[in-house]
Amino acid sequence: MPLFICAGCSMRIERSMAAYWREKGKLLCSTCLDRQEMSLKTSDDDKKK
Ligand SMILES: [Zn+2]
């Protein structure tokens, strides 16, 4: 698989071209994905309050 640069922390990550196109060239490593998901969940919680 080709190497890409994480859009969050510039770490080199291996992703498929399918994932690259799905994310429109903005790929995140698993650490940044976890962080993003956590902030998304947090903002969802905020909306419920
Ligand atoms: Zn990252």
Under 3.5 Å, which donor-acceptor pairs do the side chains of residues 21-35 form with other protein atoms, sequence neighbours left out?
none

Closest approach of F4 and M17, non-hydrogen atoms and distance?
CZ-SD, 3.6 Å
Do you know which two heavy atoms are closest between M1 and E14, and how far apart they sit?
O-CG, 3.8 Å
From R15 CZ over to I5 CD1, what is the distance, rounded to the nearest 0.5 angstrom?
12.0 Å
